[in-house]
Amino acid sequence: MFDKGKRARRQNEDDKVFNRMLLWLAGAVVLELLLLLLQKAYVDMAFGAVAAKGLLDFFKIFNIAGVVILAGCAVWAALFARSGKPVALPAALAAAGGVLWVVSLVCRFIYPDGVRILMLFPAGGAVLIIILFLYQRPFFYNAALTCGGLLAVWLHRQYYMNHPRLITACIVGGLVVLALAAALAFLLRRNDGTLGRVRVLPPESNYFMTWLTCAVTAVVMVLALVLGVSAGQYLLYVLAGWLFAQAVYFTVKMM
């Protein structure tokens, strides 16, 4: 009787996790559909030149307004945190404003390919959502770093000839993110997987895989700059192979 109740509770928890995963995947699908609509209106001008011009004017305004919104939300969150109030609302508004700001920058300065680039994010996000809910959390973080490297190398291969400075800046920014991720892994290891009062990773996490992921991804991104566009396809295979190797490693750990 006790085992039957325990199995029922476990089944209920698994159903809740599965339903949350479906909700996140549905959100990714909705976002992809919105980007397809943006592609039709802004690039293909399916709704007329007036609508496309209106979107361009909005992107120009939000390139500046987005920075103001992010700064305001940061101050708002800091004041709430100092007074002991929850910062969920300013954090959510900052996240939404930040996403819209990035969209406005990409759509304005990488025309007409910006929307097509943005369409990669919901698809990649759907893969990461599945990893987050089905695998261990360390694999999710490592996969996010590897997918970021894949995106950077793909952008280099596709658009470096037309936007060399922008793509170089993206790769340099990616290297900074990898360095910060490696430093954060050292900090989490020292604090047994916690950051303040927040549990980020399980206590038994393998941080060596995270450091190795940062190193492999950084080397591949640097090689993309050094070797040029012609080597991009082979470097993509390297990162895809590394992601597959991690999937096998963490799958075996779950058994």
Just by distance, do the side chain of [X] and the backbone of [Y] share a donor-acceptor pair under 3.5 Å?
{"X": "Asp44", "Y": "Ala46", "result": "no"}
{"X": "Tyr42", "Y": "Cys107", "result": "yes"}
{"X": "Thr217", "Y": "Cys214", "result": "no"}

With the 4.5 Å side-chain cut-off for hydrophobic clustering, are [X] and [Y] part of the same group?
{"X": "Val177", "Y": "Val220", "answer": "no"}
{"X": "Leu223", "Y": "Tyr234", "answer": "no"}
{"X": "Leu38", "Y": "Leu34", "answer": "no"}
{"X": "Val248", "Y": "Val127", "answer": "no"}
{"X": "Leu225", "Y": "Met161", "answer": "yes"}

Atom [atom1] of [X] and atom [atom2] of [Y]: how far apart are they, to the nearest 0.5 Å?
{"X": "Leu150", "Y": "Leu155", "atom1": "CG", "atom2": "CG", "value": "11.0 Å"}
{"X": "Leu23", "Y": "Ile129", "atom1": "CG", "atom2": "CD1", "value": "10.5 Å"}
{"X": "Leu236", "Y": "Gln233", "atom1": "CG", "atom2": "CD", "value": "7.5 Å"}
{"X": "Ser104", "Y": "Leu100", "atom1": "OG", "atom2": "CG", "value": "6.0 Å"}
{"X": "Phe140", "Y": "Leu201", "atom1": "CZ", "atom2": "CG", "value": "11.0 Å"}
{"X": "Leu128", "Y": "Cys147", "atom1": "CG", "atom2": "SG", "value": "4.5 Å"}

Apply the test side-chain contact (heavy atoms from CB on, under 4.5 Å) to residues Leu89 and Trp76: give CA-CA distance (whole Å), side-chain angles for both, the deciding distance (0.1 Å), then the verdict. CA-CA 9 Å; Leu89 180 58; Trp76 185 11; 3.7 Å; yes
Report the C-alpha separation of Gln158 and Trp154 in whole Å, then their side-chain angles, then the decisive distance to 0.1 Å, and conclude whether the side-chain contact (heavy atoms from CB on, under 4.5 Å) test is met. CA-CA 6 Å; Gln158 294 291 122; Trp154 182 83; 3.4 Å; yes
Heavy-atom pair of closest approach, residues [X] and [Y]:
{"X": "Phe47", "Y": "Ala41", "result": "CD1-CB, 3.4 Å"}
{"X": "Val103", "Y": "Leu118", "result": "CG1-CD1, 3.9 Å"}
{"X": "Leu70", "Y": "Ala94", "result": "CD2-O, 3.3 Å"}
{"X": "Ile167", "Y": "His156", "result": "CG2-CA, 3.5 Å"}
{"X": "Leu178", "Y": "Met221", "result": "CD1-SD, 3.9 Å"}
{"X": "Leu239", "Y": "Thr146", "result": "O-CG2, 3.7 Å"}

Is it true that the side chains of Tyr135 and Thr251 contain a donor and an acceptor less than 3.5 Å apart?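 Present: a donor and an acceptor within the cut-off.
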Verdict with reasoning, Leu188 to Thr194, per side-chain contact (heavy atoms from CB on, under 4.5 Å): CA-CA 6 Å; Leu188 291 173; Thr194 60; 5.9 Å; no
Flag side-chain contact, heavy atom, 4.5 Å: [X] against [Y]:
{"X": "Ile130", "Y": "Leu25", "result": "yes"}
{"X": "Met21", "Y": "Leu134", "result": "yes"}
{"X": "Leu145", "Y": "Tyr141", "result": "no"}
{"X": "Met209", "Y": "Asn206", "result": "yes"}
{"X": "Phe139", "Y": "Leu132", "result": "no"}
{"X": "Tyr111", "Y": "Phe59", "result": "no"}
{"X": "Tyr160", "Y": "Thr168", "result": "yes"}
{"X": "Pro138", "Y": "Tyr207", "result": "no"}

Is it the case that more than 12 heavy atoms not belonging to [X] sit under 6.0 Å from its [atom1] atom?
{"X": "Tyr249", "atom1": "OH", "answer": "yes"}
{"X": "Trp24", "atom1": "CH2", "answer": "no"}
{"X": "Trp242", "atom1": "CH2", "answer": "yes"}
{"X": "Arg108", "atom1": "CZ", "answer": "yes"}

Got a sec, which residues hit salt bridge (Lys or Arg N to Asp or Glu O under 4.0 Å) with Asp113, two or more places apart in sequence or on another chain?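 Salt bridge (Lys or Arg N to Asp or Glu O under 4.0 Å) list for Asp113, sorted by chain: Arg116.
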Between Phe18 and Phe133, is a side-chain contact (heavy atoms from CB on, under 4.5 Å) present by the stated rule, with each step listed? CA-CA 8 Å; Phe18 183 73; Phe133 283 98; over 6 Å; no
Plane angle bin for Tyr159 and His163 - parallel if under 30°, tilted between 30 and 60°, otherwise perpendicular: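 Because their plane-to-plane angle lies in the 30° to 60° range, the rings of His163 and Tyr159 count as tilted.
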